[in-house]
Amino acid sequence: MAKEQLDGAQALIRCLENEGVEHIFGYSGGAAIPIFDAIVTTKTKIKLVLVRHEQGATHMADGYARATGKPAVVLVTSGPGATNTITGILTAHMDSVPMIVITGQQIRSMIGKDAFQEADIFGLTMPVVKHSYLVKSTNDIPRVVREAFHITNSGRPGPVLIDLPKDVSSGPCTADLRATMDLPGYRPPAAKVDAAIIHAIAKAMSKSVRPVLLVGHGALISGAWDEVRELAEKLQAPVVTTLLGKGAFPESHALSLGWMGMHGTAYANKAVVECDLIMSIGSRYDDRIVGQPAKFCKDATRIHIDIDPAEMGKMIRCHIHCVADAKAALKALMPHVSRLKTDAWIAHLAEYKRRYPLHFKKKGGLKMQHVIDEAWRLTEGKAVVVTDVGQHQMWAAQFYRSDHPHNFLSSGGAGTMGFALPAAIGAQFGRPKETVLAFCGDGGFQMTMFELATAAIHRLPIKIVILNNHYLGMVRQWQELFYDDRKSGVDLLGNPDFVKLAQAFEGVKAFNLKRGADVRKILSRALAYNDGPALINAEVEKTDNVYPMVPAGRPLEDMIVERPRYKMEKPTGST
Amino acid sequence: MSNGTTDAETAAHTISVYVANKPGVLARIAQVFARRGYNIDALVVSSVVDTHFSRMTITLKGDPEGLDQVIQQTSKLIDVIRCVEHRDEESVVKEMALVKIAADEAERTLALQIADHFGAKTVDLTESSMILQVTGNSDKLDAMIRLLGRFKVIELVRTGKVVLARGDEVT
């Protein structure tokens, strides 16, 4: 049989198949028409999900990747189609999420001439991608795709953009689809871990009586949850996670202190303040965690395990730096450590757990925490939880305890409002048999609510819980605490009737939830509906505040656990 | 210092970046430096033995602590093979300058004396001007240009530093 003559777009689709791609989240337009055409002409099995806005496509691919560990593909057109992906690319980049973004582009001879729907997306995205390509020759497509997939999900993952001029995707492709990579400058760390560094870590640990393991997203990415648990149990060392590290260590475990940072548990933050040794496993000691870098664990032995050498010393100086994959490092370390004398330390922290539990009052108006806590009970803590950004995100992290990896998806680094709904759609595509639960604020939901159409069309049984306080609650909280309660630009007057809005989409079941007494009943009904999306509009208390709280840029010692009676200084060390 | 900057912040650094010869690589590197507030004083991009690669030599001033971060971030770029800072004693550092001065017949002799002292060549000569070409380390170029200040310096161009590590070290 004669070899099938492919054009660039068809070659692209075949290459995506070879990389194991199952989903393309896309939105067409002039420059992308040949690629969308190839989805038909190649009769590919890759599922095209037509989104309603390109930002939605990126968050879907993001949610898919966070839920499955596999990259998905975003396919959009040139110009505004391409620029609409930038927020989603930043979101993935900040949280080390793999993603392939393919953008159509003007034909080569028109590039740089302000042609119709031309945007220099290669230049515009440069600071927020792991790598990017402007493909100049059709025969480069197989190599570029190969490299892009290798780069996006190896080492420290991150988004890769491929800008494909329309004449390149339309031209004949004669190159071998199994192209070899040409990446002389890319060397993800080898699995072998420096033995001398491992011995140094083991030696430092042997002297510790108040150790803390700080587990971040990197531990999840490397699949190191078993090793984290084994190490913690072997050492008898308490574990705190970052927000994105939730699920890397079971929060129901006796050694778990939950997650630390600006709104983390009081006992996690206190443990970090009082520890004599802290070892980060795949976290980047970011500003939401360290508060004030110069004062962070300043008398403790600080150890940093990270796959990215550029993270070493970026935020805080550590005594031991270990550039390695988290799983490989922990495996190497395991035989060299033994149980530490931590009984007194663990008892001390247990006292903090008793004294400063996460709590809320069910009396009075409906609380976000109540809804989240009940959702946790009803789903037995097993749902894939996706959050938006703001107060509800912090409470979701506090009250939806995670025992399972890849089950808590949240925009941590970028703090992208509008993330939850599309990311939940992506997560549901990736894990079709599981319960996917999206917690949104009324603000964030309205940023990407048009993707309800995407969820409805595909009859995805996602559960969307809008925790509706008619405010941009986190900013309102800051205005209350630091700006004499002057509310500015936070009152979401004129919110739509979310139930009616949801009912406008076929197959979406929607509920209003107004009273604490109805939480269980309404949640149960939403969870039982699986023929399409279910949406709950929960009218919650308008002016509740999230505690504990470490004011931005302040040391963890300055954490407050309840509303202070004094006027607080405006934070200056960070935003 | 009176203007609030420290010696460390104004110290000069020479950084050599060995890169894959691909479009956009200079823009990526420049962004890493610019985002962290480093102003590039001089930049030389040149071909190397293997045409798949090129070498950039970057000269800048600034805080050495932040610079380590920048070097790490630059090294992390996919198209960067390596990025290292060079210390003068471990490497050969050279720079070239062309200086066009106004010098009539009467002044020419003094100008040539200065040129001769620095091993500079006269590469252009007219009745009213001359261009001197000087090669060497940056201090030497600075000294000659300072001395030529007694003439009217019409135009001046410097290549920026080029660096190679000595002996077995790679650049």
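Only a predicted model underlies this, so the values are computations on that prediction, with no experimental measurement involved. Chain identifiers are assigned alphabetically (A, B, ...) following the order of the sequence lines, protein sequences preceding nucleic acid strands; residue numbering begins at 1 within each chain.
- Residue Arg108(B) qualifies as enclosed at atom CZ: its count of foreign heavy atoms under 6.0 Å is above 12.
- Highest contact tally toward chain A, considering only Ile78(B), Val32(B), Ile71(B), is held by Ile78(B) [criterion: heavy-atom pairs under 4.5 Å].
- At most 12 heavy atoms of other shown residues, nucleotides or ligands fall within 6.0 angstrom of atom NE2 in His52(B).
- The neighbour count for Arg150(B) CZ, taken as heavy atoms of other residues, nucleotides or ligands under 6.0 Å away, does not exceed 12.
- Annotation: Lys22(B), atom NZ; neighbour count of heavy atoms from other residues, nucleotides and ligands within 6.0 Å is above 12.
- Under a 3.5 Å cut-off, the side chain of Arg187(A) and the backbone N or O of Ile81(B) do form a donor-acceptor pair.
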**OP:** Would you check, one step at a time, whether the test side-chain contact (heavy atoms from CB on, under 4.5 Å) holds for Glu311(A) with Gln72(B)?
**Re:** CA-CA 9 Å; Glu311(A) 287 301 335; Gln72(B) 291 277 23; over 6 Å; no

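- Heavy-atom neighbours of chain B within the stretch residues 99-115 of chain A, taken at a separation under 4.5 angstrom, are nonexistent.
- Contact between Gly24(B) and Phe122(A) at its shortest, heavy atoms only, is CA-CE2, 4.1 Å.
- No side-chain heavy atom of Gln69(B) sits under 4.5 Å from any side-chain heavy atom of Met312(A).
- Taking CG of Leu77(B) as the reference point, atom NZ of Lys130(A) lies at 11.5 Å (rounded to 0.5 Å).
- In Glu169(B), the CD atom is not crowded: 12 or fewer heavy atoms of neighbouring residues, nucleotides or ligands sit closer than 6.0 Å.
- Proximity to chain B (any heavy atom under 4.5 Å) is shown, for Asp182(A), by both the backbone and the side chain.
- In this structure, Gly123(A) and Gln31(B) approach most closely via the heavy-atom pair O-NE2, 4.2 Å.
- The 12-atom threshold is not exceeded at CZ of Arg35(B), counting heavy atoms of other residues, nucleotides or ligands nearer than 6.0 Å.
- In this structure, the portion of Phe53(B) lying under 4.5 Å from any heavy atom of chain A is its side chain and not its backbone.
- Of all heavy-atom pairs spanning Ala310(A) and Lys76(B), the tightest one is CB-CD, 3.9 Å.
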